[in-house]
Amino acid sequence: MLHIKCPHCGMRSQNEFSYGGDATVKRPELNKEVSDQDWDNFVYNRKSLRGKHKELWQHISGCRQWIKVERDTATHEIFKTVKASEDI
Amino acid sequence: MTQNYRLDNIGLINRDKKISFKFNGVTYFGYEGDTLASALLANGVHLIGRSFKYHRPRGFFGAGVDEPYAIVQLYRNNETEPNVKATEQELFEGLEATSVNCWPSVNFDIGAINNLLKIFLPAGFYYKTFMWPKSFWYKVYEPFIRKAAGLGVASIEHDKERYEHKYEYCDLLIAGSGPSGLASAYAAAKNGARVILAEDKPRFGGTLLTSEVNIGNQTGKEWAENIISELKEMPNVIVKNRSQVFGYYDHNMLVMSEKLSDHLPKTKKYNPKQRLWYIRAKEVLISSGSIERPLVFGNNDTPGVMLSSAAKEYLKVYGVLVGKKPLIFTNNDSGYETAIEFKKNGVDPIILDTRKEPKSEIIDEAKKLDIEIKFSYVVVAAKGYKKVKSAEVAKISDDKNELGTLENINCDCICVSGFWTPTIHLASQSGNKTTFNKDIDAFVPGLSKQNETTLGAANGTFTLEETLKSSFETGYELSKKITNNDNKTSSPTVMEKKSTTHDKFWCVPLPKGKTYKRFLDFQNDVAVSDVEIALKEGYRSIEHVKRYTTLGMATDQGKTSNLNGLQLVSNIENKIVPEVGHTTFRPPYTPVTIGAIVGREVGKHSKPTRKSPMHTWHEKNNAVFVDAGVWLRPRYYKIGEETLFEGSKREAKNVRTNVGVCDVTTLGKIDIKGPDAAELLNRVYTNAWLKLPVGKARYGVMLREDGIVMDDGTTTRISENHYHMTTTTAQAANVLSHLEYYLQLVWPELNVNVVSTTEQWAGAAIAGPKSRDLLQKLFPNIDASNEGLPFMGYLEADLFGVHARIFRISFSGELAYEVNVESDNGNFMWEKIMEVGQEFKIQPYGTEALSTLRIEMGHIAGSELDGRTIPYDNSLEGLVSKKKDFIGKRSLEREAFIAEDRQKVVGVVPIDKKTSIPEGSHLVKDAMAPTPNPKLGYISASCWSVEYDNPFSLAILKDGKNMIGQKLFAMSPLKNKTIPVEIVSSHYVDPKGERVRS
Amino acid sequence: MSSISALKNIHIKGLFGDHEGKNDKELLKISELSDYLIIQIVKYNSSAITIENIKLDDLNLKNETLNISCNTNTRILWNGPNNWLLVSSKKEILKEINEKLPETDFAITNISHSRAIIQIEGKNTKEILKKGCPFNFNELKKDTCLNSIYNGMSVTIDMLDDNPDKVRIFTLRSFGESFYHSITDACLEFGYKGI
Amino acid sequence: MHDDNALFSEFGMDLWRKMSQDLNYNVMFSPRGIINLAHSDAQMNVFARRGNSMRLNGIDAVLLNREEVKEIIPMADFSDNVRFPIFGGLMQPSAGTARHDAVAWGYARQADSMGVDIIQNCEVTGFDVVGGKIQGVRTSRGDIKVKKIGLCVAGSTNVLAEKLNMTVPIETHLLQACVSEPVKPVLDKVVTFGAGHFYISQSDKGEMVMGGDLDGYNSYAQRGNLPTLQHVLTEGIAMMPFLSKLKMLRTWGGIMDMSMDGSPIIDKTHIEGLYLNCGWCYGGFKATPASGWTFAHTIAQDRVHKLNAGYSLNRFHTGHLLDEKGLGTKTWIS
């Protein structure tokens with residue numbers, strides 16, 4: 001079971017969290033023109049890196065905050081976690 | 001039976017407590033503290049089972065977890081457990097066990113016919129035969145082979161035992177209570193660290209229980225006992241025996257299975273049989289010791305051939321002689337220790353040492369005791385079928401290639417020692433890249449991957465002095481790092497006999513003309529020749545060799561066989577072992593009861609159940625419940641012998657004619673507050689929300705970014721900045737997360753708070769032509785008229801002294817209202833509605849009637865919103881705003897989504913107006929067409945229209961909008977039904993929606 | 001009596017589990033708490049108000065994890081960043097809250113009926129928690145709180161006392177029955193008294 | 001079931017039936033039948049939809065009621081102490097299992113004897129692409145000049161795609177499985193749990209082979225964590241309580257590429273000479289022969305076969321999705 005540091009609550013076990021996928025995909029702004037490619041990249045295409053991976057988790061059975069986590073997908077080592085409002 | 005092989009002056013068993021047990025129907029006696037294995041050996045029983053492939057006789061090879069042979073079927077407290085290791089199972093009064101994998105009996109085993117055929121069963125045998133004729137494999141051969149497979153018998157009875165879990169945290173977790181475990185635990189505990197010390201055996205102390213050493217003027221055993229009793233007294237220490245740390249997972253999470261009752265005749269009431277510990281440790285000390293390696297020679301699987309360390313353990317711990325004419329076959333000094341113990345206890349052993357002229361204190365002592373030693377000698381083959389009768393031995397040349405003339409030595413057991421293999425499983429599981437240590441011909445842990453440190457024999461350190469020194473040091477250093485205390489315990493003085501280096505030789509060559517099987521994996525019958533074949537056939541990766549030969553894949557997971565397998569591969573390949581590399585060590589270290597892994601979430605409680613505040617009322621009124629996710633909802637309220645069809649029809653009809661009440665508490669409710677609440681809704685829903693007046697509700701649809709409908713429901717504006725959102729029961733949790741995602745990550749500039757109030761409010765839907773009259777009676781102080789409370793209107797009022805919210809919304813398509821009160825008052829509300837509703841012929845209705853009502857009204861629900869449809873498919877395109885942007889809008893422009901012949905929800909009526917159309921049927925043009933018959937769409941929901949008293953269904957149909965009026969066939973081959981149908985509008989009843997507005 | 005609390009139809013008084021031969025002190029005590037005011041207080045992102053100056057029932061809103069500010073009637077539990085659960089036996093506090101916390105800056109939501117509350121007391125209390133909750137309770141002191149999960153159900157745990165241990169566990173009301181079973185089942189090994 | 005998936009897998013079934021003979025290697029193909037259990041009428045209807053679709057496509061399928069299921073697998077939980085009672089199930093009698101290693105070995109032996117050069121322990125480190133055309137591949141054991149490359153590296157698709165500056169509608173995830181100790185035969189069907197993701201079958205050795213959910217976060221580590229298996233086995237015991245007494249012998253974790261609609265991709269790419277075969281999620285094994293056959297066709301003819309026409313890379317752009325479960329792009333929710 002992963003041990004994830006919630007930037008708000010501290011070290012917590014994985015089963016308090018739910019996974020949210022790639023944290024680097026940015027939703028295109030509302031009411032702005034978006035090219036097909038950009039939209040497809042946002043909705044479907046993923047790098048799914050081997051190694052350092054920036055991803056989202058929600059502390060769903062904790063403070064319910066979405067957080068950003070940098071984790072090694074090859075070793076599961078977690079390097080850092082930050083708040084939703086911070087960049088990772 | 002008498003315990004002929006039991007000595008009465010040695011061992012740690014309790015001779016005051018005699019225990020009777022049965023093996024294969026025969027009653028024997030042993031003592032408290034025995035294992036099944038030691039007790040059987042005490043009684044001279046060596047034949048215990050049959051091997052997997054050839055069904056060769058099997059005895060005991062080890063004395064613990066590494067045991068490949070002694071697998072039994074255990075009977076305990078009217079339950080039976082397969083594949084129990086006799087060497088691990090402690091004896092208890094009334095224990096019964098039988099051999100596995102042999103029929104009709106262990107002495108006469110029909111399967112042994114395979115043994116005579118063994119020449120035909122080399123590695124990969126199955127893959128190259130049994131192919132012809134076609135289909136014979138699974139029709140004839142496979143069933144036959146399956147019968148022979150498997151070890152014990154699994155009863156399909158439910159398990160009556162309890163298994164529990166525990167989450168624990170500590171500074172140091174120490175796996176193994178041998179010298180290194182005890183020393184490091186003691187040093188760390190003394191320095192204030194929170195320590196957990198785990199020992200898989202019943203007794204603490206590991207090798208200290210059997211070795212002749214002296215620590216601080218105490219025997220090793222005494223020292224161990226004193227340390228343990230001191231540790232047990234310390235509040236910062238948890239000491240657990242019968243507890244196996246079997247897995248090292250991510251972020252220093254280790255899992256341990258504690259056996260609390262397996263050694264008892266039955267589990268104490270209310271107590272678990274086993275407890276699974278999830279342990280998060282800051283530091284992990286692996287002191288799991290090492291396992292003796294076999295030497296490989298002809299028929300080395302004969303009962304009576306066993307590890308010399310096991311023979312010593314049976315002697316010193318259990319007071320049992322594994323033989324009275326022991327032959328010790330060793331390539332190192334360990335064999336001598338065993339021989340010395342035999343000698344001290346009045347038995348004359350013979351030692352065959354593969355080495356030429358080794359010199360050491362231990363060897364000198366053996367010589368002093370006049371033990372017969374033959375140097376440069378090997379066992380060529382064991383003789384005897386069900387038990388060793390003698391050994392064929394020979395001198396071996398210095399280069400270990402030439403055997404001298406064969407001689408025979410009478411013996412009743414052969415104790416082998418091929419030196420030691422460190423138990424590195426946990427280290428390897430943590431991700432540690434192990435390295436090969438040439439001095440000991442074995443792998444040892446390399447650089448730590450997680451916070452693990454390996455000590456003592458597990459790390460390839462085989463002298464007690466070094467082990468204790470490094471262990472005390474490590475325990476102190478690590479604890480200091482964590483606690484910042486500086487309380488150092490120093491290592492005691494140690495006296496042990498020095499040993500000399502071992503011989504790398506481990507596999508005895510075959511004498512000319514002999515075809516003895518030389519086994520590597522004893523349970524799976526993998527011999528040297530099998531590995532040779534695998535390599536000949538081009539399998540290079542050790543993982544392939546393992547799978548092809550099944551080497552190390554038995555229930556012992558190759559604890560005694562893997563390394564010899566590697567050595568063999570490397571010999572043949574002319575590589576060094578590290579190049580070959582070992583197969584991955586994966587949890588569990590030793591098999592773990594599945595019940596223990598699962599814990600208490602079994603039976604009715606395998607998943608939580610959610611219930612509404614009115615649940616008890618429903619139960620009292622014969623509700624038949626249905627699972628809606630993890631919620632339980634009334635499906636219909638059974639009257640007499642009513643079937644589901646009859647009951648739901650009655651309830652639905654009553655809604656259409658009078659009034660019905662339905663528990664809608666399960667619908668998701670989200671309280672939305674904040675200055676930007678309207679803006680959030682406007683971005684989340686496909687329709688416009690900025691102009692919704694206070695006191696009004698509106699229906700909305702929300703999409704995923706890929707344009708697929710995520711959920712629908714009504715949201716009501718309670719006050720300026722306060723909205724009450726409802727979701728479907730199924731999507732409630734997802735929608736809340738969805739909103740939080742956008743508020744926290746995408747639009748943090750919005751000042752909005754969302755919180756689930758699903759359980760805050762109990763909800764009752766009142767539907768039917770008489771619902772207004774009922775409402776007026778329930779709330780005399782409100783104006784319930786169409787003007788006072790119009791469609792999609794909202795009011796707050798007093799229900800007999802209880803605060804209530806009234807929404808005029810409808811799912812049934814009838815004139816309807818939804819009343820919410822705080823959950824504590826839910827039951828009160830419900831009873832009042834039923835009471836006041838009597839005069840209007842009110843009846844409660846369940847989800848079945850509810851779906852009937854919504855289907856004939858053409859209201860879409862879960863079966864249409866199945867995560868694969870877009871608004872258009874559900875005839876919701878009218879709700880999709882052209883003006884504003886919203887989540888998922890961009891995806892709706894995609895080719896397939898705007899295709900002219902896009903699927904759409906339609907109504908379906910059987911031509912004969914009688915035959916109900918099974919849900920899951922498909923619509924086709926030509927019922928006679930050959931397969932594959934092109935499918936135009938499928939029936940998503942069916943009901944019996946209470947309005948028109950004939951069957952009606954909804955379907956998702958290709959080009960639905962142009963299919964109205966068409967005649968098609970609804971086909972359900974599964975139910976042998978082909979029904980001519982007509983496609984009609986999905987709004988079958990009240991298409992203009994006048995009733996809800998009336 | 002119109003109101004029925006979450007566990008009213010489930011909670012049973014009496015002795016259960018392995019209680020025989022154990023004195024009252026050794027046994028765990030299980031009770032349902034009902035009729036409490038539970039208010040979620042959330043401060044909006046852009047609010048400029050400094051919470052230090054705010055007092056509710058003479059208690060501060062502290063924005064730090066595990067924190068509780070409490071008096072005999074009222075406990076304000078930290079529930080997340082700028083997010084608190086106010087739990088009180090004093091119903092009238094709601095008025096005070098609405099007066100002191102402007103709706104332009106705070107979302108005040110009454111969720112009193114949305115939770116089932118079980119109180120556990122006794123020396124083995126933490127053992128019960130450890131059976132189903134992955135949190136590290138070893139260092140958890142009096143007057144701290146946390147949100148976590150117990151056998152798959154989200155919970156809020158309020159450590160009322162640590163000598164002997166005494167906790168309140170809040171779970172979603174609809175899960176109440178399953179949760180009550182989970183807790184009492186975990187107590188069987190030690191024996192418990194429903195009060 | 002989408003027609004594309006149905007017809008494709010049925011084509012595969014034909015190849016399975018004669019594989020041992022085709023390869024002259026016993027892959028132990030054993031069509032012992034698969035049962036998907038249903039735990040509500042709603043689920044029975046979903047299965048009916050799938051079963052009818054299969055039948056209309058000429059594939060065998062039977063809808064079983066509770067009693068019929070009990071006949072076939074009495075060890076499933078038909079007691080009252082059950083959270084999700086068994087309502088019935090969908091059975092495909094002709095489906096079954098095969099010895100996965102043997103399939104790989106059999107193909108390898110046959111391909112080898114046909115002159116295919118199989119280079120073991122050889123990692124692809126890069127590609128030579130000039131003017132939108134594949135020129136060659138760089139490997140840990142040297143460069144190879146080629147005109148066409150078939151990329152079929154489940155679990156590493158994202159990694160190799162990156163070397164081609166492609167992003168694909170795929171995420172790489174971890175799936176665990178485990179076996180129990182071998183016991184005498186009790187179960188001769190493959191069974192899946194309808195109130196979760198648990199599947200089980202008994203191998204010829206007697207081991208219960210079990211698995212279910214993904215670990216639920218992007219991963220290339222071939223090691224999982226126990227809570228996932230705990231969850232999976234909880235569903236296992238809920239379905240077949242007797243499993244509780246068996247012991248878990250071996251666990252392992254494999255990585256798989258999860259596509260954004262749960263269906264595979266077998267297609268050409270924008271790079272000439274580069275062909276893609278990926279996104280099999282965890283359903284790839286049963287498709288092995290059909291996947292290979294259609295991929296070979298696509299590579300050799302430089303155009304897709306009608307069987308894999310639906311498995312286009314472009315479908316995510318056009319919206320012609322093949323989402324059987326309706327889970328959308330949350331690949332980690334298996």
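Everything numeric here is computed off the predicted structure, so don't read it as measured data. Lettering follows sequence order; numbering is per chain, from 1.
- Neither the backbone nor the side chain of B:D676 comes within contact range of chain C, judged by heavy atoms closer than 4.5 Å.
- We find that B:K673 and B:D671 are joined by a salt bridge, their nearest charged nitrogen and carboxylate oxygen being less than 4.0 Å apart.
- Salt bridge present: C:K100 and C:E96 bring a charged side-chain N and a carboxylate O closer than 4.0 Å.
- A salt bridge links C:D57 with C:K90: the distance from a Lys NZ or Arg NE/NH1/NH2 to an Asp or Glu carboxylate oxygen falls below 4.0 Å.
- By number of non-hydrogen pairs under 4.5 angstrom with chain C, the leading residue of B:Y278, B:W631, B:W277 is B:W631.
- One side chain, B:H618 or B:D663, offers a donor N or O that lies under 3.5 Å from an acceptor on the other.
- The candidate with the highest count of non-hydrogen atom pairs below 4.5 Å against chain B, out of C:H181, C:Q40, C:E177, is C:H181.
- With a 4.5 angstrom heavy-atom cutoff, B:L750 touches chain C only via backbone atoms.
- Contacts between B:W761 and chain C at a heavy-atom distance below 4.5 Å are absent for every atom of the residue.
- Only the side chain of B:N827 comes within contact range of chain C, with heavy atoms under 4.5 Å apart.
- Contacts between B:H605 and chain C at a heavy-atom distance below 4.5 Å involve the side chain alone, from C-beta outward.
- Both the backbone and the side chain of B:E822 have a heavy atom closer than 4.5 Å to some heavy atom of chain C.
- Of the listed residues B:P675, B:S823, B:G599, B:G826, the one with more heavy-atom pairs under 4.5 angstrom with chain C than any other is B:S823.
- Contacts between B:E831 and chain C at a heavy-atom distance below 4.5 Å are absent for every atom of the residue.
- Interface remark: B:T757 contributes side-chain atoms only to the contact with chain C (heavy atom separation under 4.5 Å).
- Ranked by heavy-atom pairs shorter than 4.5 Å toward chain B, the options C:S114, C:S46, C:G176 are led by C:S114.
- Considering only heavy-atom pairs separated by less than 4.5 Å from chain B, the leading option among C:G152, C:G132, C:S34 is C:G132.
- When the candidates C:D185, C:N151, C:V42, C:N45 are compared by the number of heavy-atom contacts under 4.5 Å with chain B, C:D185 comes out ahead.
- Counting heavy atoms from C-beta on, the side chains of C:S88 and C:R75 never come closer than 4.5 Å.
- Contact annotation for B:V821: neither backbone nor side-chain heavy atoms come within less than 4.5 Å of a heavy atom of chain C.
- Using a 4.5 Å cut-off between heavy atoms, C:A116 makes no contact with chain B at all.
- Between chain B and the residues C:F135, C:F137, C:F106, the largest count of heavy-atom pairs under 4.5 Å involves C:F135.
- For B:K611, the parts sitting under 4.5 Å from any heavy atom of chain C are the backbone and the side chain alike.
- Using a cut-off of 4.0 Å between Lys/Arg side-chain N and Asp/Glu carboxylate O, B:R275 and C:E189 are scored as salt-bridged.
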Task: Stepwise salt bridge (charged side-chain N to carboxylate O under 4.0 Å, His left out) check, C:D24 with C:K29 - done: CA-CA 9 Å; C:D24 204 60; C:K29 313 277 186 305; 3.7 Å; yes
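- In this structure, the portions of C:N110 lying under 4.5 Å from any heavy atom of chain B include both its backbone and its side chain.
- For a residue to count as touching a neighbouring chain, one of its non-hydrogen atoms must lie under 4.5 Å from one of that chain's; by this rule B:K832 does not touch chain C.
- Taking the six-membered ring where tryptophan is involved, the planes of C:Y180 and C:H11 are perpendicular, since the angle between them exceeds 60° and thus also 30°.
- Ion pair C:K91/C:D35 flagged as a salt bridge, since at least one NZ, NE, NH1 or NH2 atom sits closer than 4.0 Å to an Asp/Glu carboxylate oxygen.
- When the candidates B:Q760, B:H722, B:K166, B:R280 are compared by the number of heavy-atom contacts under 4.5 Å with chain C, B:Q760 comes out ahead.
- Residues B:E164 and B:R162 are paired through a salt bridge, judged by an N-O separation under 4.0 Å between the basic side chain and the carboxylate.
- Using a 4.5 Å cut-off between heavy atoms, C:F190 makes no contact with chain B at all.
- For C:I108, the part lying near chain B is the backbone, with the side chain staying farther off; criterion is any non-hydrogen pair under 4.5 Å.
- In this view, B:K669 satisfies the salt bridge (charged side-chain N to carboxylate O under 4.0 Å, His left out) rule with no residue, not counting sequence neighbours.
- Contact annotation for B:R194: only side-chain heavy atoms (C-beta onward) come within less than 4.5 Å of a heavy atom of chain C.
- Distance check, rounded to the nearest 0.5 Å: CG of C:N83 to CG of C:N63 gives 9.0 Å.
- Using bins of under 30°, 30° to 60° and over 60° for the plane-to-plane angle, the ring pair B:F625/B:H615 lands in the parallel bin.
- Listed options C:G17, C:S47, C:A186 were ranked by heavy-atom pairs under 4.5 angstrom with chain B; first place goes to C:G17.
- The pair B:D824-C:K8 fails the salt-bridge criterion, with no side-chain N (NZ, NE, NH1 or NH2) lying under 4.0 Å from an Asp/Glu carboxylate O.
- Interface residue C:D18: backbone and side-chain heavy atoms are both found under 4.5 Å from chain B.
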Task: Step-by-step salt bridge (charged side-chain N to carboxylate O under 4.0 Å, His left out) determination, C:K126 to C:D162 - done: CA-CA 10 Å; C:K126 280 184 177 176; C:D162 51 18; over 6 Å; no
